[in-house]
Amino acid sequence: MKKIALISGITGQDGAYLAEFLLKKNYIVHGIKRRSSSVNNYRIDDIYEKFYENSKNPSFYLHYGDVTDSLNISELVNKIGPDEIYNLAAQSHVKVSFETPEYTANADGLGVLRFLESIRRYKKKKIKFYQASTSEMFGGSKPPQSETTVFAPKSPYGAAKLYGHWITKIYRESYNIFACSGILFNHESPLRGETFVTKKVVRAAVKYSLDKKEILQIGNLNATRDWGHAKDYVKNMWMMLQKKNADDYVIATNTSYSVKKFIELTYKYLGFNIKWTGKGLNEKGIDLKSGKIIVKVNSKYFRPNEVDNLRGNSNKAKNSLKWKPKINFKHLVKEMIKYELELQTKKNR
Ligand code: NAP
Ligand code: GDD
């Protein structure tokens, strides 16, 4: 019998990588997608074609749904009867969560509860549950952050996710549900959403390499992040659900870089060296060769409150799950550049 997985957030970065990973492992995969006025399936188009449209025995199915709709979630859980649920759906942008705090709380906090309640009421089999928790929950706590670090969120997103994290633990302990959270540090890929900093930098740098005009408008240059590759992180999601006992794990690379360093490296790989001038909101990055301004700080991209430093200690996952990231930071940056170069060159043809 093939295992059945249900993934919320299937159209997102992690949803696409996880679906591909599970399909290769011979799972039947059901994905929940939101209705939108324009189609946004581009990350899963290939697998939909291969495992649904062109397959004699389809193993990939899509369902309309929304984690803010409890009837819809419980109906899907009852109808599909999955062995494993991966809850990846979220309003995942930290800055946007300051603008849509109530919606973020509903989707990222209560959305988790809706799945757990549906699982608790489902009596035909034991369903395993994975929750995508986040290093944003650590907020102001100093690095390196591990499973024992105090949570101190600094955004509506971090607070909503912390509710999701705790309610997952509470349902595990109260109802003996196999429910666990991966405390995921930042992870990127060519499929990263375009308003997250890594993708935004790579896009602007590639554009500059082609048109010699593009200026990257950026916010806080000094924050540091622990950036891994999404492929490594979705594999870990699956590994956590294959363990005998449910538990929570920090998933990180244990190294961090500043936003400024990410920018310097990206432009360097494209053949441009940056000289920085000015301070604070007047800081600028100049292309050493041409003397042109290529990076400008813009107050629009600052947050009302910032998480300054994130660097995870994922020794627990290393020892207990035998997991460690395979793709290093430099490879990640190069892969993102290569993908973007191909895309923009094609567009310009
Ligand atoms: P993403 O690319 O932003 O994808 C989020 C997904 O959730 C999208 O498919 C989105 O649908 C869907 N979604 C949003 N609101 C929804 C709702 N109300 N109902 C149903 N679906 C909804 O995020 P990601 O990078 O793949 O991250 C996956 C999960 O891991 C998220 O929960 C995120 O908070 C968490 N996480 C991510 C990172 C990271 O660095 N990537 C780190 C820690 C935790 P649309 O495509 O329609 O928008
Ligand atoms: N997005 C963005 N845009 N961030 C900028 C910019 C900009 O123009 N300029 C500077 N930054 C800084 C942010 O202030 C932050 O310190 C850092 O770059 C990373 O920002 P994001 O890429 O938006 O990621 P994030 O760390 O806020 O959140 C991501 O990681 C979390 C895990 O720590 C998201 O994927 C969350 O969903 C995830 O939980």
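Remember, it's 1-based here, ligands and their atoms both numbered in the order they're listed. We number each residue from 1, following the sequence as shown.
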Review point. Can a non-hydrogen atom of Tyr157 be found less than 4.0 Å from any atom of ligand 2?
Key: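 So Tyr157 counts as touching ligand 2.
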Check your understanding: Does His93 come within less than 4.0 Å of ligand 2, judged by its heavy atoms?
Key -> yes
Would you call [X]-[Y] a salt bridge at under 4.0 Å N-O?
{"X": "Lys79", "Y": "Glu75", "result": "no"}
{"X": "Lys199", "Y": "Glu340", "result": "yes"}
{"X": "Glu264", "Y": "Lys260", "result": "no"}
{"X": "Arg120", "Y": "Glu117", "result": "yes"}
{"X": "Lys24", "Y": "Glu20", "result": "yes"}

Looking only at protein heavy atoms, identify the closest one to [atom] and say how far it is in Å.
{"atom": "atom 3 (N) of ligand 2", "answer": "Thr195 O, 3.9 Å"}
{"atom": "atom 8 (O) of ligand 2", "answer": "Lys200 NZ, 2.7 Å"}
{"atom": "atom 28 (O) of ligand 2", "answer": "Val94 CG2, 3.6 Å"}
{"atom": "atom 48 (O) of ligand 1", "answer": "Arg34 NH2, 2.7 Å"}
{"atom": "atom 30 (O) of ligand 2", "answer": "Asn186 ND2, 3.1 Å"}
{"atom": "atom 34 (O) of ligand 1", "answer": "Tyr157 OH, 2.6 Å"}
{"atom": "atom 16 (O) of ligand 2", "answer": "Glu306 OE2, 2.9 Å"}
{"atom": "atom 42 (C) of ligand 1", "answer": "His187 CE1, 3.4 Å"}
{"atom": "atom 15 (C) of ligand 2", "answer": "Arg225 NH2, 3.5 Å"}
{"atom": "atom 10 (C) of ligand 2", "answer": "Asn220 O, 3.2 Å"}
{"atom": "atom 9 (O) of ligand 1", "answer": "Thr11 OG1, 2.7 Å"}
{"atom": "atom 18 (O) of ligand 2", "answer": "Val259 CG2, 3.4 Å"}

Check your understanding: Which bit of His93 gets closer than 4.0 Å to ligand 1, counting heavy atoms only: side chain, backbone, both or neither?
Key -> neither
Review point. Where on Arg192 is there a heavy atom closer than 4.0 Å to ligand 1, on the side chain, on the backbone, on both, or on neither?
Key: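 Under 4.0 Å from ligand 1, Arg192 contributes side-chain atoms alone.
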Exercise for review: Not counting sequence neighbours, list each pair that qualifies as a ring-ring contact (aromatic ring centres under 6.0 Å, His included) and has a residue in residues 143-173.
Suggested key: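 Qualifying pairs, neighbours excluded: Phe138-Phe151, Phe151-His165, Tyr171-Tyr175.
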Check your understanding: So which pairs with a foot in residues 186-219 pass ring-ring contact (aromatic ring centres under 6.0 Å, His included), sequence neighbours left out?
Key ->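 ring-ring contact (aromatic ring centres under 6.0 Å, His included) check on residues 186-219 returns His93-Phe196, His187-Tyr233, Tyr208-Phe272.
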Review point. Just by distance, with hydrogens left out, do Gln131 and Thr168 show a side-chain donor and acceptor under 3.5 Å apart?
Key: no
Check your understanding: Can a donor-acceptor pair be found between the side chains of Ser118 and Asn78 at a distance below 3.5 Å?
Key ->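 No donor-acceptor contact under 3.5 Å links the two side chains.
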Point to revise | Option of least heavy-atom distance to atom 32 (C) of ligand 2 (set: Ser135, Ser97, Ala132) | key: Ser135
Review point. Who's closest to atom 23 (O) of ligand 2 heavy-atom-wise, of Glu188, Arg303, Gln91?
Key: Arg303
Practice item. Would you mind telling me if ligand 2 is within reach of the side chain of Ser92, the backbone, both or neither, using heavy atoms under 4.0 Å? Key: both
Review point. Between Arg192 and ligand 2, which residue portion shows a heavy-atom distance shorter than 4.0 Å: side chain, backbone, both, or neither?
Key: side chain
Looking at [Y], is [X] sitting on its ring face, NZ or CZ under 6.0 Å from the six-membered ring centre and within 45 degrees of the normal?
{"X": "Lys200", "Y": "Tyr301", "result": "yes"}
{"X": "Lys334", "Y": "Tyr269", "result": "yes"}
{"X": "Lys128", "Y": "Phe178", "result": "yes"}

Point to revise | Residue pair Lys154 / Gly140: nearest heavy atoms and the distance that separates them | key: CE-CA, 3.7 Å
Check your understanding: If every non-hydrogen atom of Ile293 is compared with every non-hydrogen atom of Ile215, which pair is closest and at what distance?
Key ->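 Reported closest heavy-atom pair: O-CG1, 3.5 Å.
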Ligand 2 N/O within reach of [X] N/O, cut-off under 3.5 Å:
{"X": "Thr134", "answer": "yes"}
{"X": "Val197", "answer": "yes"}
{"X": "Gly219", "answer": "yes"}
{"X": "Trp227", "answer": "no"}

Hey, does [X] sit under 4.0 Å from ligand 1 if you only count heavy atoms?
{"X": "Phe185", "result": "yes"}
{"X": "Ile32", "result": "no"}
{"X": "Glu136", "result": "no"}
{"X": "Ser133", "result": "yes"}

**Study point:** Side-chain donor/acceptor of Asp248 to backbone N/O of Ser181, under 3.5 Å
**Key:** yes
Check your understanding: Quick one: CD1 on Ile183 to CD on Gln145, what's the gap to the nearest 0.5 Å?
Key ->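 Output value for this atom pair is 10.5 Å.
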Point to revise | Short N or O distance, Ala132 and ligand 1, threshold 3.5 Å exclusive | key: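 So ligand 1 has no N or O lying under 3.5 Å from an N or O of Ala132.
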Review point. Crowded around Lys261 NZ? As in, over 12 foreign heavy atoms under 6.0 Å?
Key: no
Check your understanding: For ligand 1, which atoms have a heavy atom of Ser92 less than 4.0 angstrom away?
Key ->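 Those qualifying, in numeric order: 1 (P), 3 (O), 23 (O), 33 (C), 34 (O).
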